[in-house]
Number of protein chains: 2
Amino acid sequence: MSQREADMSEIEPISAKTMELAGQIVEIARSENIGRGDRLYEHRLANRLGVSRGPVRAALRSLAQSGLAEAIPNKGFVLAQDLDSEIALRALRAGDTSEAAYLAIANDRLTGALPDTVSEAELMRRYDLKRAELLRLLDRIASEGWVERLRGYGWKFTQTLNSPLAYAQTGRLRMMIEPGGILEPTFQWNAELMGPVREHQKRVQADGMRVFTLSEMFRFGCEVHEAIAECSGNAFLVETLRRINRVRRLFAYKFIPDLQMVEQHTREHLQLLDLLEKGDRTEAAALMRTHLHWSGGGDQIA
Amino acid sequence: MSQREADMSEIEPISAKTMELAGQIVEIARSENIGRGDRLYEHRLANRLGVSRGPVRAALRSLAQSGLAEAIPNKGFVLAQDLDSEIALRALRAGDTSEAAYLAIANDRLTGALPDTVSEAELMRRYDLKRAELLRLLDRIASEGWVERLRGYGWKFTQTLNSPLAYAQTGRLRMMIEPGGILEPTFQWNAELMGPVREHQKRVQADGMRVFTLSEMFRFGCEVHEAIAECSGNAFLVETLRRINRVRRLFAYKFIPDLQMVEQHTREHLQLLDLLEKGDRTEAAALMRTHLHWSGGGDQIA
DNA sequence: TTTTGTTATTTGTCGCGTAGAAATACAAAA
DNA sequence: TTTTGTATTTCTACGCGACAAATAACAAAA
């Protein structure tokens, strides 16, 4: 062990990427109902997050540094605080750093502050990003379909996002494909997939907005729909729904959901799952249609 | 004028990009029925291709060099050969250079020669591409949705393409959204958009496989469907259909369409357009459904 | 057997300078 | 007025070396 590492109080510099991972670890822990004192397995987290153990380790160290986790020699890390503690929420928020630029761009776009076409240099200046970071971001946005590379210089935002009607349009499209997916001949209930999904809805029903953040509830909602789509056996349908949901998230911040609405949605999600588990697909498709319909073509919390 | 340029017989080195543009100029000329002796306007081509006049100019010079176009001082370029001549077809094919690696990857993927996850270095070696070229390609593939960046190293191919069922799945999804789009309350016939589309179908009906290449006919077919989707007024629907069609193109090479099938498709396309122009959307949606249905969930030439 | 700790190897990133491409603006010709 | 020809400015692409980060494989502990 080097001399530097022997100094326990040394403050490691924490990269943005590590912070992001740390935040996602907290997210996972929350969604899996992991409590104080439970172990945080490197390997599982790495698999779940799609990275190797190295970066996960770094993120866990950073969580330990902030006091949320504790390192136990030859036993890895255990959770040292409850996950609704202030310190946990801070880690969650801190992880959103990379999200910040993304949301800023989305917002500027929605409010018309960004022109239709921009050069990379302009974006780098505007959002204070390095080229690689920016390109990563543009990649992601392009994969969501609201920006595309021009042949020469610069990037062009598609017209998809600029209209207040866009959100409604996502709803119309979902009304075509989601009930359609349920009625596909290849549809097959996937119990394993649905376990945690239903669990999440139950917890939202029980604790609701008291415990969960808005974006968590939104994600849980999307999860229901995407899991159902997954059962359709049509990969393109699932892909399409995922893409739509990623865009819907941008609008979701604009709406303030009220408690009653969240409750109704959650109830309907559970109903949907029950019907599908029983194999009553016709009924489920009908419910899905009304579920998607009743707020004018697009529902607010998924 | 410099000494170098004064030497008329000098052979300029032609970049891959220029070749690509040259090929696309030929494509455009073919689809717009431009004949021998007609002028090729720089500015219009530049707009259409989404680049500035500079590169278009270079491409035109390269076409002149191959004898397909002729440069007339202060009058730009005119077409010097008919567009179904051997020399024109050669230009078309030469433009596909960048397409080559793309198709190679797609093919290796469809045949299972490529593993699910690969590193950039591996791909660079395998297809003999520079990093920038590769990244451009991966960008494009990612935007089509069949590869995604891993968080650490490498890229991961989605499961979308690996199955022989995939093509059928695209058909199922189209059967949900295309008739749906026609029935949208926001649907509005767009005469301007449809003019050239119908024109192309008429020409295919008249000249068919005698004049047009397979990929041209495929494109014209997609064009019909996408233009109709465009009328739905739902940007997400259009986006989705475009994405599906880009993927379908990969499969299309596998099928050998027979003359009769092409004829029936073209006839149905024209019927669809007629119905929609008359405003008979219910009928059109029904026809669209059977049109998409009759070859088992996915039709071959669009 | 599972999980953590450690290390070697591979891979991608970043910064920077240069070369070259594209956009823009403007002049000249048809 | 439209289109081509040209010059200037601005921006991007590319190569390269050093560096940082991630992976994979292996060893050790529980």
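Note on naming: letters A, B, ... go to the chains in the order of the sequence lines (proteins, then strands), and numbering restarts at 1 for each one.
- Checking D:dT4, D:dT12, D:dA13 against every side-chain atom of B:Glu42, the shortest atom distance belongs to D:dT4.
- Ranking D:dA21, D:dA13, D:dT12 by closeness to the B:Tyr153 side chain, first place goes to D:dA21.
- Residue A:Leu40 contributes atom CG, which lies 13 Å from atom P of C:dT3 at whole-angstrom precision.
- The CG-P distance, from B:Leu129 to D:dA13, rounds to 16 Å in whole Å.
- Nearest nucleotide to the side chain of A:Pro55, out of D:dT4, C:dT4, D:dA22: D:dA22.
- Here B:Tyr153 pairs with nothing under the side chain to side chain contact (heavy atoms under 4.5 Å, CB included) rule; sequence neighbours left out.
- Between the NE2 atom of B:His43 and the P atom of C:dC26 there is a distance of 16 Å, given to the nearest Å.
- For B:Ser119, the side-chain atoms get nearest to C:dG12 when compared with the rest of C:dG12, D:dA13, D:dT3.
- A sub-4.0 Å separation between OP1 or OP2 of C:dG5 and a side-chain N or O of A:Arg57 is present.
- B:Leu250 approaches B:Leu110 most closely through the heavy-atom pair O-CD1, 4.2 Å.
- One interatomic measurement links the two molecules: CG of B:Leu60 to P of D:dT3, which rounds to 14 Å at whole-angstrom precision.
- A:Trp155 places its CH2 atom 17 Å from the P atom of C:dA22, with the value rounded to the nearest Å.
- Rounded to an integer number of Å, the gap from CZ of B:Arg131 to C1' of D:dT12 is 17 Å.
- A sub-4.0 Å separation between OP1 or OP2 of D:dA7 and a side-chain N or O of B:Arg53 is absent.
- With contacts defined as side-chain heavy-atom distances shorter than 4.5 Å, the pair A:Leu49/A:Ile28 qualifies.
- The nearest heavy atom of DNA chain C to B:Arg149 and to B:Val51 marks one nucleotide each, and the one closer to the 5' end goes with B:Arg149.
- Separating the CG atom of A:Asn74 from the P atom of D:dA29 is a distance of 7 Å, rounded to the nearest angstrom.
- Across all strands shown, B:Gly54 has no heavy atoms under 4.0 Å from either base or sugar-phosphate atoms.
- Nearest-nucleotide positions on DNA chain D for A:Gly154 and A:Leu21 put A:Gly154 closer to the 5' end.
- Using modelled atom types, one side-chain atom of B:Arg203 and one backbone atom of B:Ser31 make a donor-acceptor pair closer than 3.5 Å.
- Spacing between atom CD of B:Glu120 and atom P of C:dG12 amounts to 4 Å, rounded to whole angstrom units.
- The phosphate of D:dA21 has neither OP1 nor OP2 within less than 4.0 Å of any side-chain N or O from B:Arg151.
- Comparing B:Lys130 and A:Thr18 along DNA chain D, the residue whose closest nucleotide (by nearest heavy atom) sits nearer the 5' end is B:Lys130.
- Ring-plane geometry between B:Trp146 and B:Phe157 is classed as parallel, the angle between the planes falling under 30 degrees on a 0 to 90 degree scale with a further cut at 60.
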